[in-house]
Protein chains: 2
Amino acid sequence: MKLGTKGRYAVMSMVDIACHDDKEAVSLNDIATRTEISLPYLEQLFMKLRKSGLVTSVRGPGGGYKLARPSNNIRISDILLAVDVQIHTTRCEPNSAMGCRINHGRCLTHDLWDAMGRQMALFLNSVTLEDVVQGRLIEKSMHHVKKEEQENILKVVS
Amino acid sequence: MKLGTKGRYAVMSMVDIACHDDKEAVSLNDIATRTEISLPYLEQLFMKLRKSGLVTSVRGPGGGYKLARPSNNIRISDILLAVDVQIHTTRCEPNSAMGCRINHGRCLTHDLWDAMGRQMALFLNSVTLEDVVQGRLIEKSMHHVKKEEQENILKVVS
DNA sequence: TCAATAGTTGACTATTTTACTCGGATATTG
DNA sequence: CAATATCCGAGTAAAATAGTCAACTATTGA
């Protein structure tokens, strides 16, 4: 289970723009240089970000992209959705052949993956671009984790 | 970002075993029939589950696998780790070229993905096989989510 | 002891997804 | 009109996933 470059790059680029003055547009070339993401790939991503209404574009020399809304009004989940990064935890579509046969047709594990997906979605909904830029993440994450758990978490999350 | 069949099947199979009497072993053939997972694939998975000490095997006719510990002592994260399903949210290994260049070498998004990974790990650590078998998941997940958020969560989690 | 059952093991292949690249078109500025 | 930048569709290479295959070993019961 891993987060690919698409979602990661999209958020990185949006953070990059959010770090700049709202007045002037940021060109993909600049972002490409700073983040070391290839220009054509960025173009692909920003096509989607624009169509989802998260950024506005300015063409021609001196052009680039600006945030369409204040950074405290753009959630990380908005960005991920824009570039088609979704969280797929289950395969239990209605009437599907796969996965839902244990215990007389009821799928016990469905609820598990569903709960996990919701957990993640809640988190991604709760964090805004502004939060990331200002380093306000430890608060959103939880503090007091037991020593013994710490170790295991590192293994799981890698 | 999606959960593959490996992790899903491993947990499904473990749930299947947990649903049976502890005294008699459950054969992979039975699990394959009930879950519609192919036998060779199950063999591959159970090799790892056994080597990680989550199940014990009994060879010969009437043989199969049993849980090595009570189901309330097997966490979902244990199962996922056993079959090499980890959560990869960052690529920021020390001295890596990728991803950590914005803002004078400090990677703002690193904390974000890190927090998200921890969030998931905490959840998977908190749920045991017994919880899943007994349908005790809504408690572990959160209840009161605002109406407006519900809709967005469905989009993100898909 | 023999046949059937069931786990053990390593290697191999097909499919799908991801992560890109490429070529060209269009708009804007100086 | 030339340089800069966004727009857009299609195509490709690499990696990860999902699953197969063949052969071997241990155990049980007739």
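This one's a predicted model, so the numbers in the text were calculated from it and none came from an experiment. All chains are named by letter (A, B, ...) in the order of the sequence lines, taking the proteins before the strands, and each is independently numbered beginning at 1.
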A.B. asks: Tell me which pairs pass side-chain hydrogen bond (donor to acceptor under 3.5 Å, both in side chains) where either residue lies in residues 40-50 of chain B, with sequence neighbours left out.
C.D. replies: B:Thr5-B:Tyr41, B:Lys48-B:Asp84
A.B. asks: Going by the rule side-chain hydrogen bond (donor to acceptor under 3.5 Å, both in side chains), which residues pair with B:Thr89 if we only count those two or more places apart in sequence or in a different chain?
C.D. replies: none
A.B. asks: Among all residues two or more places apart in sequence or in another chain, which pass the side-chain contact (heavy atoms from CB on, under 4.5 Å) test with A:Lys2?
C.D. replies: B:His88
A.B. asks: For nucleotides 24-28 of chain C, give me every protein contact, N/O to N/O, under 3.5 Å, one pair per line with atom names.
C.D. replies:
residue	atom	partner	partner atom	Å
C:dT26	O2	A:Arg59	NH2	2.5
C:dA27	O4'	A:Arg59	NE	3.3
C:dA27	O4'	A:Arg59	NH2	3.3

A.B. asks: Can you figure out which of D:dG19, C:dG7, D:dT20 approaches the side chain of B:Thr5 most closely?
C.D. replies: D:dG19
A.B. asks: With the side chain of A:Met47 defined as its heavy atoms from C-beta on, choose the nearest nucleotide among D:dC8, D:dT6, C:dG7.
C.D. replies: D:dC8
A.B. asks: Measure from the side chain of A:Lys2, starting at C-beta and using heavy atoms only, and say which of D:dG19, C:dA6, D:dA16 lies closest.
C.D. replies: D:dA16
A.B. asks: Which part of the nucleic acid, if any, lies within reach of A:Phe46 when heavy atoms closer than 4.0 Å are counted: base, sugar-phosphate only, or nothing?
C.D. replies: nothing
A.B. asks: Among all residues two or more places apart in sequence or in another chain, which pass the side-chain hydrogen bond (donor to acceptor under 3.5 Å, both in side chains) test with B:Glu24?
C.D. replies: none
A.B. asks: If you check every side-chain atom of A:Tyr41, which of D:dT20, D:dT6, C:dA19 has the closest atom?
C.D. replies: C:dA19
A.B. asks: Output yes when a side-chain donor or acceptor of A:Thr109 lies under 3.5 Å from a complementary backbone atom of A:Leu112, and no otherwise.
C.D. replies: no
A.B. asks: Want to settle it: does A:Met1 or A:Gly62 sit nearer the 5' end of DNA chain D, counting the closest nucleotide to each?
C.D. replies: A:Gly62
A.B. asks: Given C:dA6, D:dT20, C:dC20, identify the nucleotide with an atom nearest to the side chain of B:Pro40.
C.D. replies: D:dT20
A.B. asks: Which residue, B:Lys51 or A:Gln44, contacts DNA chain C at a nucleotide closer to its 5' end, judged by nearest heavy atom?
C.D. replies: B:Lys51
A.B. asks: Partners of B:Asp22 by side-chain contact (heavy atoms from CB on, under 4.5 Å), sequence neighbours excluded?
C.D. replies: none
A.B. asks: B:Lys6 side chain: which of C:dC20, C:dG7, D:dA18 is closest?
C.D. replies: D:dA18
A.B. asks: Looking only at side-chain atoms of A:Tyr9, point me to the closest of D:dG19, C:dC20, C:dT8.
C.D. replies: C:dC20
